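Encoded as structure tokens, the structure appears first; notes follow it.
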Amino acid sequence: MPELPEVETVRRGLEPVLVGTPITQVRVGEKRLRLPYPENFAARLAGRTVESLARQGKFLIAMLDSQEALIIHLGMSGSFLVLGGAEAHGTGNGAAARHTHVVFHLVDGTEIRYADPRRFGLMTLASAAGLASHPLLARMGPEPLGNEFNAGHLGAALAGRRTSLKAALLDQHVVAGLGNIYVSEALHAAGLAPTREAASLGAGKRQGAAACEKLAAAVREVLLSAIAAGGSSLRDHARTDGTLGYFQHSFKVYGRGGEPCRRAGCPGTIKRLIQNGRSSFYCPRCQH
DNA sequence: ACACGGACCTGAAGGC
DNA sequence: TGCCTTCAGGTCCGTG
């Protein structure tokens with residue numbers, strides 16, 4: 001479930017229950033995630049309090065009262081579930097329990113479960129002082145909802161790149177937080193084809209600056225709408241209370257191959273193609 | 001430096 | 001019923 005809007009939805013769900021309430025115990029499953037857990041992972045979290053919960057791109061960053069930060073990525077299939085004291089009984093034994101890898105117990109009886117069937121997610125610890133230079137975060141591009149992300153940045157980041165616009169926007173060094181769904185949606189909103197060469201929007205190209213303006217605005221608009229809808233729920237719930245986000249009902253192109261374009265007045269049909277091994281969806285009629 | 005294919009995992013869905 | 005293939009919201013590594 002996790003591109004920027006889903007991760008932000010998770011952050012907003014966890015923040016009120018997790019921040020300020022001490023962690024009493026952390027239990028970790030047998031199988032590792034994308035990275036091995038750090039030394040004494042559970043012990044370094046027990047007794048700690050999360051002081052703030054931030055998001056950077058698709059990462060969640062929990063600052064602890066121990067001068068350490070817990071870095072979390074949800075990979076392809078990671079999700080959190082918050083259970084109040086009364087619900088937090090029994091481990092369950094269904095598919096969800098089989099894929100629950102980390103459980104945080106809080107002092108007020110709240111239980112926070114991290115499940116991740118494919119185990120492409122990760123949790124690790126870093127010193128607060130070294131957080132910005134951590135290898136997972138150091139070279140990440142700007143936040144698409146922040147001031148650093150604008151047409152000027154896009155023009156500079158795309159200049160000279162011979163790959164497709166689709167592949168360039170999936171690159172977390174160009175802009176942080178976009179994934180396969182929102183790249184397709186943003187390109188449609190901007191009227192730009194995913195197959196277009198990234199360099200054609202680069203600094204100095206004719207019409208490049210105008211296209212970058214449209215693209216930056218489209219990225220922002222799509223992400224804000226998705227966050228307002230609680231993210232998209234495809235194969236998993238998006239929210240920490242187990243309920244669904246509903247932005248998937250607003251998709252203009254993603255997953256809509258063969259269906260009519262939803263741009264007002266456009267008679268086109270959405271096409272699916274594979275780029276760098278991943279599906280792209282676009283309208284050949286209104287995206288150029 | 002960049003670009004690309006494959007690898008890492010599990011599960012669901014569809015065809016035969 | 002079962003077996004096979006394809007696909008899935010991500011990213012990292014090795015190879016040109």
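Nothing here was measured: the structure is a model prediction, and the numbers come from that model. In what follows, chains are A, B, ... by sequence order, proteins preceding strands, each numbered from 1.
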(message) Over 60° means perpendicular and under 30° means parallel, so tell me whether A/Phe247 and A/Tyr182 are parallel, tilted or perpendicular.
(response) tilted
(request) Determine the interatomic distance between P on B/dC9 and the same-named atom on C/dG14; round to the nearest Å. (result) 15 Å
(request) List for me each residue that meets side chain to side chain contact (heavy atoms under 4.5 Å, CB included) alongside A/Glu221, sequence neighbours excluded, and say none if there are none. (result) none
(request) Would you please enumerate the stems DNA chain B participates in, each stem being three or more consecutive Watson-Crick or G-U wobble pairs with both distances under 3.5 Å? (result) B:2-8 with C:10-16, B:10-16 with C:2-8
(message) Tell me which pairs pass salt bridge (charged side-chain N to carboxylate O under 4.0 Å, His left out) where either residue lies in residues 198-209 of chain A, with sequence neighbours left out.
(response) none
(request) Could you check whether A/Phe120 and the base of C/dT11 form a stacked pair, meaning centres closer than 5.5 Å and planes differing by less than 30°? (result) no
(message) I'd like to know if the side chain of A/Gln67 and the backbone of A/Leu64 have a donor-acceptor N/O pair within less than 3.5 Å.
(response) no
(request) Nearest whole angstrom, please: distance from the C1' of B/dC8 to the CG of A/Asp116. (result) 12 Å
(request) For DNA chain B, determine which residues of residues 155-165 of chain A have any heavy atom closer than 4.0 angstrom to one of its atoms, and list them numerically. (result) A/Arg161, A/Arg162, A/Thr163
(message) I want to check one thing: is the phosphate of B/dC8, taken as OP1 and OP2, less than 4.0 Å away from some side-chain N or O of A/Arg32?
(response) no
(message) Any side-chain N or O of A/Ser77 below 4.0 angstrom from OP1/OP2 of B/dT10?
(response) no
(message) What is the separation between atom CZ on A/Phe59 and atom C1' on C/dG10, rounded to the nearest whole Å?
(response) 10 Å
Donor-acceptor contacts under 3.5 Å from residues 261-274 of chain A side chains, at least two apart:
unit_1   : atom_1 : unit_2   : atom_2 : d
A/Arg262 : NH1    : A/Phe251 : O      : 2.6
A/Arg263 : NH2    : A/His188 : O      : 2.5
A/Arg272 : NE     : A/Ser279 : OG     : 3.0
A/Arg272 : NH2    : A/Ser279 : OG     : 3.0

(message) Among residues at least two apart in sequence or on other chains, which ones pass side chain to side chain contact (heavy atoms under 4.5 Å, CB included) with A/Ser200?
(response) A/Arg196
(message) Once side chain to side chain contact (heavy atoms under 4.5 Å, CB included) is applied, do any residues pair with A/Asn276, and if so which ones, sequence neighbours excluded?
(response) A/Ser164, A/Ala167
Between side-chain atoms of residues 125-142 of chain A and protein atoms elsewhere (two or more places apart, or another chain), which donor-acceptor pairs fall under 3.5 Å?
unit_1   : atom_1 : unit_2   : atom_2 : d
A/Ser127 : OG     : A/Gly130 : N      : 3.0
A/Ser133 : OG     : A/Gly130 : O      : 3.1
A/His134 : ND1    : A/Leu136 : N      : 3.0

(message) How many whole angstroms separate atom NE2 of A/His99 from atom P of B/dA12?
(response) 8 Å
Could you go over nucleotides 14-16 of chain C and give all protein N or O partners under 3.5 Å, atom names and distances?
none

(message) Does B/dT10 have its OP1 or OP2 closer than 4.0 Å to a side-chain nitrogen or oxygen of A/Arg119?
(response) yes
(request) Mind checking side chain to side chain donor-acceptor pair (under 3.5 Å) for A/Thr243 and listing every partner two or more places apart, or none if nothing turns up? (result) A/Asp241
(request) Round to a whole Å and report the spacing from CD of A/Gln275 to P of B/dG6. (result) 17 Å
(request) Could I get the full list of salt bridge (Lys or Arg N to Asp or Glu O under 4.0 Å) partners for A/Glu51, not counting sequence neighbours? (result) none
(request) Grab the CE-P distance between A/Met140 and C/dT11 for me, whole Å please. (result) 9 Å
(message) Between A/Arg118 and A/Pro135, which residue's closest nucleotide on DNA chain C lies nearer the 5′ terminus?
(response) A/Arg118
(message) What I want to check is whether the side chains of A/Asp236 and A/Ser79 have a donor and an acceptor closer together than 3.5 Å.
(response) no
(request) Select base, sugar-phosphate, or nothing to describe what A/Gly179 touches, counting heavy atoms under 4.0 Å on all strands. (result) sugar-phosphate
(request) Mind calculating the distance between CD1 (A/Ile71) and P (C/dT11) to the nearest angstrom? (result) 14 Å
(request) Sticking with atom C1', work out how far B/dC8 lies from C/dC3, rounded to a whole angstrom. (result) 24 Å
(request) Starting from C1' on C/dT6, measure out to CD1 on A/Ile274 and report it in whole angstrom. (result) 10 Å
(request) Starting at atom CD of A/Gln172, determine the distance to atom P of C/dG10, rounded to an integer number of angstrom. (result) 8 Å
(message) So, does A/Lys58 get its side chain near the phosphate of C/dT11, meaning an N or O under 4.0 Å from OP1 or OP2?
(response) yes
(message) According to salt bridge (charged side-chain N to carboxylate O under 4.0 Å, His left out), does anything in residues 158-179 of chain A pair up with another residue at least two apart or in another chain? List the pairs.
(response) A/Arg161-A/Asp171, A/Arg162-A/Glu197
